[in-house]
2 protein chains.
Amino acid sequence: MNIGNAARASGISAKMIRHYEAIGLISAGRGANQYRVYSQADVAELRFIRHARDLGFPLQDVKRLLDLWRNRARASGEVKRLALDHVAALEAKAKSLSAMAESLRHLAQHCHGDDRPDCPILEELAGAFSSQVASLGDSENATKETGKEGCHG
Amino acid sequence: MNIGNAARASGISAKMIRHYEAIGLISAGRGANQYRVYSQADVAELRFIRHARDLGFPLQDVKRLLDLWRNRARASGEVKRLALDHVAALEAKAKSLSAMAESLRHLAQHCHGDDRPDCPILEELAGAFSSQVASLGDSENATKETGKEGCHG
DNA sequence: CTGGCGCTTCCCATAATGGGAAGGTCAAGC
DNA sequence: GCTTGACCTTCCCATTATGGGAAGCGCCAG
C-alpha cells in the first residue's frame with residue numbers, strides 16, 4: 001500500500017511517517033514510480049510506534065524499543081529498564097506540573113478577581129518569592145543577591 | 001548595567017534576555033557603544049518573567065501578565081482568569097502524564113526484566129490495543145502485499 | 001599595545017508535528 | 001486522447017524555549 005493508506009491504517013500522519021523514515025526510525029520500499037510502499041509488517045511497526053508515542057516515549061526511546069522488538073534475542077530486562085526510567089521521568093514531570101498548579105492555585109485563591117487593580121498574583125510574580133516550586137523540571141538557579149552593581153561605563 | 005549583569009541579577013541568561021527583546025517581551029536601552037543597558041526596573045521585569053516562567057506560564061501568557069503588571073489600571077479579574085486557565089492546563093497535563101506513567105508501570109510490573117526475550121511491554125506496544133496483527137514480531141511470512149486495500153498500485 | 005573578557009549579530013540545533021507550495025503519477029470519466 | 005482529481009514526491013517554513021558557537025568589535029588592565 002501507499003503512504004496514505006499506511007497512515008490511515010496506523011493512525012500516524014503521512015507527514016510523520018516520512019519524518020520517521022528520514023530520521024532512520026523505519027524504512028520503506030519504493031515502487032517503480034518512486035512512491036513509498038508499505039507492507040502489513042510495516043504498518044505493524046507504525047502502530048507500535050504510535051502506541052509507544054501514546055505512552056509518552058520520546059522518539060529516541062521508541063527507536064530503542066523498536067530495535068528490541070525486532071530483535072528476537074532481546075533481553076526483556078532492557079525493555080523494562082527503559083520503561084521504568086520513562087515512568088520515573090513521567091512522574092517527575094507530572095509532579096513538577098502539579099506543584100506549579102498548586103502554587104498558582106494558591107496564589108489565585110487570594111486574588112479578588114474583580115475590576116480592582118490590587119492583585120496578589122502579580123505581587124508575588126514581582127518578587128515576593130520565598131519557595132521554589134519548579135525545581136523538578138528545568139529551573140536551575142535560586143535567588144541571587146540583588147543590587148550589586150558593576151556597571152563599567 | 002550591561003546584559004551580563006542583568007542576567008546574573010535576574011537569573012535569566014543573556015541569550016534569553018536578547019531573545020525576549022527580539023520577540024517584544026521587553027525592551028532595552030542602548031549605550032553609545034550599542035551595548036544594551038538595563039535599569040533596576042528592567043531587572044525587576046526580568047525577575048517577574050522568570051517567576052512567571054517558573055510557574056510554567058508560556059511566554060505568550062507572560063507577555064500578557066507583564067502588560068497587566070505594567071498597567072496600574074488593570075483589572076485583577078483578568079490576571080486571575082489567566083492564572084486559573086493556566087492552572088487548568090497544568091493539571092490536565094499532569095493528569096495525562098500520570099496516566100501514561102501508571103499504564104506503563106502496570107505493563108512493566110508484568111515484565112520479568114531478565115535476559116529472556118519474553119516481554120509483555122513489547123507485546124502490548126505491538127498491538128494488544130488494536131489486536132489486528134499480533135505475530136509480526138518474529139516471522140517474515142506475514143502478509144507482504146495483500147491487495148485488500150483500495151490502492152491504485 | 002596586547003591580552004582577555006564582554007558585548008554584538010547571525011546561524012544552527014534541539015523534539016515533534018504540521019502547513020503549504022511546486023510538480024510528478026495514476027486511474028477514471030467524457 | 002485529454003481533463004480532472006486524488007494521491008504522491010521533495011523542499012521550505014513555523015512552532016516553543018533554550019542553548020551553542022563563530023566572527024567581529026569594545027573596553028579596561030597591565
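These figures come from a predicted structure and were not determined experimentally. Lettering follows sequence order; numbering is per chain, from 1.
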Would you tell me if any nitrogen or oxygen in the side chain of [X] comes within less than 4.0 Å of OP1 or OP2 on [N]?
{"X": "A/Arg36", "N": "D/dT10", "value": "yes"}
{"X": "A/Arg30", "N": "D/dT10", "value": "yes"}
{"X": "B/Arg53", "N": "D/dT18", "value": "yes"}

Where at least one partner belongs to residues 64-105 of chain B, residue pairs that pass ring-ring contact (aromatic ring centres under 6.0 Å, His included), sequence neighbours excluded: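 Listed once each, the pairs are B/Phe48-B/Trp69, B/Phe57-B/His86.
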I need the [atom1]-[atom2] distance between [X] and [N], as an integer number of Å.
{"X": "B/Ile12", "N": "D/dT18", "atom1": "CD1", "atom2": "P", "value": "8 Å"}
{"X": "B/Tyr35", "N": "C/dC5", "atom1": "OH", "atom2": "P", "value": "14 Å"}
{"X": "A/Lys63", "N": "C/dA15", "atom1": "NZ", "atom2": "P", "value": "14 Å"}
{"X": "B/Ile49", "N": "D/dA17", "atom1": "CD1", "atom2": "P", "value": "12 Å"}
{"X": "A/Tyr38", "N": "D/dC8", "atom1": "OH", "atom2": "C1'", "value": "11 Å"}

Mutual orientation of the aromatic rings belonging to B/His106 and B/His110 [parallel < 30°, tilted 30-60°, perpendicular > 60°]: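 Aromatic pair B/His106/B/His110 classed tilted.
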Check against side chain to side chain contact (heavy atoms under 4.5 Å, CB included), A/Leu55 and B/Leu107: CA-CA 11 Å; A/Leu55 284 173; B/Leu107 281 184; 4.3 Å; yes
First encountered from the 5' end of DNA chain C, between A/Asn33 and A/Ser13: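 The answer here is A/Ser13.
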Residue closer to the 5' end of DNA chain C, B/Gln34 versus A/Gln60 (nearest nucleotide):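 The residue closer to the strand's 5' end, by nearest nucleotide, is B/Gln34.
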Side-chain touch B/Ile26/B/Ile17, heavy atoms, less than 4.5 angstrom: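 When only atoms from C-beta onward are counted, B/Ile17 and B/Ile26 do touch, with a gap below 4.5 Å.
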Proximity to DNA chain C (any heavy atom under 4.0 Å), residues of residues 14-25 of chain A only: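 Contacting residues: A/Lys15, A/Met16, A/His19, A/Tyr20.
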Under-4.0 Å salt bridge between A/Asp67 and A/Arg70: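 Looking at A/Arg70 together with A/Asp67, the answer is yes, because their closest N to O distance falls below 4.0 Å.
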Results of side chain to side chain donor-acceptor pair (under 3.5 Å) for B/His112 - residues two or more places apart only: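 Checked B/His112 against side chain to side chain donor-acceptor pair (under 3.5 Å); matches are B/Asp118.
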